[in-house]
Amino acid sequence: MIEIELDGKKVEVVEGSMVMHAAEKAGTYIPHFCYHKKLSIAANCRMCLVDVEKAPKPMPACATPVTQGMVVRTKSEKAIKAQQSVMEFLLINHPLDCPICDQGGECQLQDLAVGYGGSTSRYEEEKRVVFHKDVGPLISMEEMSRCIHCTRCVRFGQEVAGVMELGMSHRGEHAEIETFVGQTVDSELSGNMIDLCPVGALTSKPFRYSARTWELSRRKSVSPHDSTGANLIIQVKNQRVMRVVPLENEAVNECWIADRDRFSYEALNSDERLNAPMLKQGGVWNTVDWKTALEYVANGLRQVRAERGADSIGLLASPHCTLEELHLAAALMKGLGSPNIDSRLRQAEFPSPEGVRFLGTSIASLSELQRVLVVGSNLRKDHPLFAQRIRQAVRKGCFVNSLQDQIMDWALPVANTLCADASVWVQALADVAAAVAAEKGVIPPVPGTATDTAMAIAKSMLAGERKAILLGNAAAHHARASSLLALANWIGGQTGASVGYLTEAANTVGAQLAGVAPGQNGMNASQMLGGGLKAVVLLNCEPEFDSAVGPKSKEALGAAEMVVSLSPFKANMDFADVVLPIAPFTETSGSFVNAEARLQSFHAVVQPFAETRPAWKVLRVLANLLALEDFGFESSQDVLRAVPGVQVLPEGIVVRQERLSTATSATIDLSPAPGQPVVAAIYQLDGVVRRAPSLQMTADGRRSAGAKEVAA
């Protein structure tokens, strides 16, 4: 540790730290633009100039290393004058368009100009004008004359997103931030550049000119998409979601969010929203009140149970539902006497539950890994925030290994890739196990060939200390998923690596905790979507897009006597008999359990749209109409306390750790697997992102739409 004097206070910091770090530790604010705690030091804005004793001129706090006994003054006349001079230069070419700038009210330059700017300008020449750029549907670069060349956006692309999509061309007053040869910004994390920009040069294209920052209310929430459970601030005006930005949580999402977390809110305000319950009568949809719709559903379920038996009723739930909704769905089916319930819509294998499958380690630990083996995942697109964590680890020396069916661009260096068709992944992983066994002199769990690539992966995983084997969405949806897990566990045991699933959805872990899986002799998702059910309840899912069965599910569901669809959108209307509008995550309270089994609860941020109702309330009333017991819940928190997989502690409600396990008793099947694992594209993951226009206009959105057309 090194001790320095900062504005008369003694501060101890780690050797190698900068003056800015010492100031942060002491709680002293030094004005700055280019410095950001998550990015490398550029020292090109010079706003953080401070007075260092014995230095001939002011020094940049962000790039000046501390030395023993250093004396720093941040508020001296020398420092203030230097900062005021830098501000004068920054404002020379800055346009005077604060009244119409989207950044107005939350602009770092605007804030600091109040304290360090002059009341008049000595610059009389014409201001420079920078031509606008079109970089895609998410980021607006219409007013690049505002840019102060802090290069935060450039460094973010290189260091966090892993792709240098923006750069600075030319020099001096002709310098511009732009893409290369007119390309668009296509990173799945690109929206974070908007937050990083300290002026109004990069703004949100969907939000552009729709509200002023002081008109917006700010409310906390949790992402309903992938399994990161990113913490959000949702900004609201007149009971309408206007913008979504990150809420900093170092243990989960740090200060970043993925673009689908940021821009999917567009779907919440779209014409696709279902605004009232509807019944199909004679092939025609009619709007009805809630009482009529729920009585119709209750009578229909009662009649089917009486005539066909409870086994002819099934429920399919999306793993993006809240924990409370999933618990009530499971309780409803149990009350009806039906064992047919499932949330594993895209899986091809349905083993009996042996434990709640989760990440096997903490999300934060991904940044500190030294060795990692990723099996069956397009890591960058399936889990953008996990990918950036591993990208951090790689920058510190981590070696990444993968087993895939094709070479994928993860925007990070991959040391070894074992490419094999998905049908033979089990044998490919068995080869890695054989290589590990050969290196350690033990007997492999099953026969395998220690190929050169398998041996390279084995040697990599046997080195280092902090290691993880991560099974992706394709591995979880694989027809031999249990065999892959068994082999991963063996390799993990031999190499000292943790083993876990990246998990697909916001509540994949929560669905397991709530027991949303078939009971004894119950039908799994694939069987239910294959036909045979007489009454089907669809909870926030669209089997045509959300299941491994795909469009074929429409025919099977169309043959049922009654299909009830609970969705925020006009979904499943080709084959449903009743559609009930339920609240998306912004209009209901609830909880999600992310990949590391962290339970995070949230409140509604806006009132329910039109006649929309929270799904947990709809399920509770439906159970009451069916005269089922133990459904007297008054709030979502009451429901949460009843979930068997959670534990109520004085400090809050948490997941029961003893329920978490990646152990398996499955035998390893080396025979080729039938079919290919079904994995959702980045902007096809759930009904909300599918209906967000700006996300669908991105390169990834257009690519997945084209793939669907080819498949059709």
Side-chain angles (χ1 to χ4, degrees), residues 221-232 247 249-254 261 317-327 330 343-344 347 351 353-369 372 374 377 382-383 385-386 389-390 466-473 475-476 481 485 488-489 492 497-517 585 590-602 636-637 639-664:
S221 192
V222 178
S223 167
H225 305 306
D226 65 32
S227 59
T228 309
N231 289 202
L232 311 176
L247 172 63
N249 185 335
E250 278 297 310
V252 181
N253 57 298
E254 300 176 270
D261 300 329
S318 167
H320 298 277
C321 294
T322 67
L323 186 57
E324 293 83 352
E325 292 163 3
L326 293 167
H327 171 69
S343 65
R344 300 166 295 176
Q347 288 190 201
E354 294 184 73
V356 173
R357 307 311 194 195
F358 76 120
L359 188 62
T361 185
S362 68
I363 291 174
S365 71
L366 298 179
S367 305
E368 304 299 327
L369 291 175
V372 61
V374 180
S377 173
D382 293 347
H383 302 92
L385 293 174
F386 291 169
R389 288 270 191 185
I390 293 174
R466 298 181 296 276
K467 297 173 267 193
I469 299 174
L470 304 174
L471 301 169
N473 296 349
L485 177 59
N489 280 333
S498 66
V499 178
Y501 283 98
L502 293 166
T503 72
E504 178 186 40
N507 225 4
T508 299
V509 176
Q512 299 172 73
L513 287 168
V516 184
F585 77 108
S591 307
F592 292 132
V593 183
N594 70 1
E596 67 176 358
R598 179 187 296 263
L599 190 151
Q600 301 181 104
S601 295
F602 54 91
S636 62
Q637 282 292 299
V639 182
L640 181 60
R641 293 186 188 95
V643 178
V646 304
Q647 184 174 8
V648 182
L649 299 175
E651 58 269 26
I653 300 176
V654 298
V655 170
R656 290 187 177 276
Q657 294 298 299
E658 67 271 16
R659 294 283 304 275
L660 305 175
S661 173
T662 55
T664 179

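Below, all heavy atoms of this structure are taken into account, side chains as well, without hydrogens, waters or symmetry copies.
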- Message: Less than 3.5 Å apart, any donor N or O on the side chain of N249 or E254 sitting next to an acceptor on the other?
- Response: no

Distance only, no hydrogens: is a donor on one side chain within 3.5 Å (strictly under) of an acceptor on the other, for S227 and T503? yes

Show, in sequence, the C-alpha distance, side-chain angles and deciding distance for L247 and L232, and conclude whether the side-chain contact (heavy atoms from CB on, under 4.5 Å) test is met.
CA-CA 5 Å; L247 172 63; L232 311 176; 5.7 Å; no

Over all atoms of both residues, closest heavy-atom pair of [X] and [Y]:
X	Y	result
S343	P319	O-CD, 3.6 Å
R656	V646	NE-O, 3.3 Å
A230	D261	CB-OD2, 3.8 Å
S591	F602	N-CE2, 3.8 Å
N507	L323	ND2-N, 3.0 Å
A595	L502	CB-O, 3.5 Å

Exactly one of V222, N594, V252 clears side chain to side chain contact (heavy atoms under 4.5 Å, CB included) with T228, and that residue is V252

Any donor-acceptor pair under 3.5 Å linking the side chain of [X] with the backbone of [Y]?
X	Y	answer
H320	H225	yes
E368	A364	no
R389	L366	no
N473	S377	no
E325	T322	yes

From CA spacing to verdict: side-chain contact (heavy atoms from CB on, under 4.5 Å), V509, V655:
CA-CA 10 Å; V509 176; V655 170; 5.8 Å; no

Q | Chi angles and distances behind the side-chain contact (heavy atoms from CB on, under 4.5 Å) call for I653, S601 | A | CA-CA 9 Å; I653 300 176; S601 295; over 6 Å; no

To the nearest 0.5 angstrom, please state how far the [atom1] atom of [X] sits from the [atom2] atom of [Y].
X	Y	atom1	atom2	answer
S636	H327	OG	NE2	12.5 Å
E658	Q647	CD	CD	6.5 Å
L385	N253	CG	CG	6.5 Å
R641	E324	CZ	CD	10.5 Å
N489	I469	CG	CD1	8.0 Å

query: So do I390 and L470 actually touch side chain to side chain, heavy atoms under 4.5 Å?
result: yes

| message | V654 vs L599, test: side-chain contact (heavy atoms from CB on, under 4.5 Å). Steps then yes/no. | response | CA-CA 6 Å; V654 298; L599 190 151; 5.8 Å; no

Only pairs under 3.5 Å count here: list side-chain donor-acceptor contacts from residues 353-363, not counting sequence neighbours, and write none if there are none.
{"residue": "E354", "atom": "OE1", "partner": "S665", "partner atom": "N", "Å": "2.9"}
{"residue": "E354", "atom": "OE1", "partner": "S665", "partner atom": "OG", "Å": "2.8"}
{"residue": "E354", "atom": "OE2", "partner": "T664", "partner atom": "OG1", "Å": "3.2"}
{"residue": "E354", "atom": "OE2", "partner": "S665", "partner atom": "N", "Å": "3.4"}
{"residue": "R357", "atom": "NH1", "partner": "S661", "partner atom": "O", "Å": "3.0"}
{"residue": "R357", "atom": "NH1", "partner": "A663", "partner atom": "O", "Å": "2.7"}
{"residue": "R357", "atom": "NH2", "partner": "A663", "partner atom": "O", "Å": "3.1"}
{"residue": "T361", "atom": "OG1", "partner": "S365", "partner atom": "OG", "Å": "2.6"}
{"residue": "S362", "atom": "OG", "partner": "S365", "partner atom": "N", "Å": "3.1"}
{"residue": "S362", "atom": "OG", "partner": "S365", "partner atom": "OG", "Å": "3.3"}

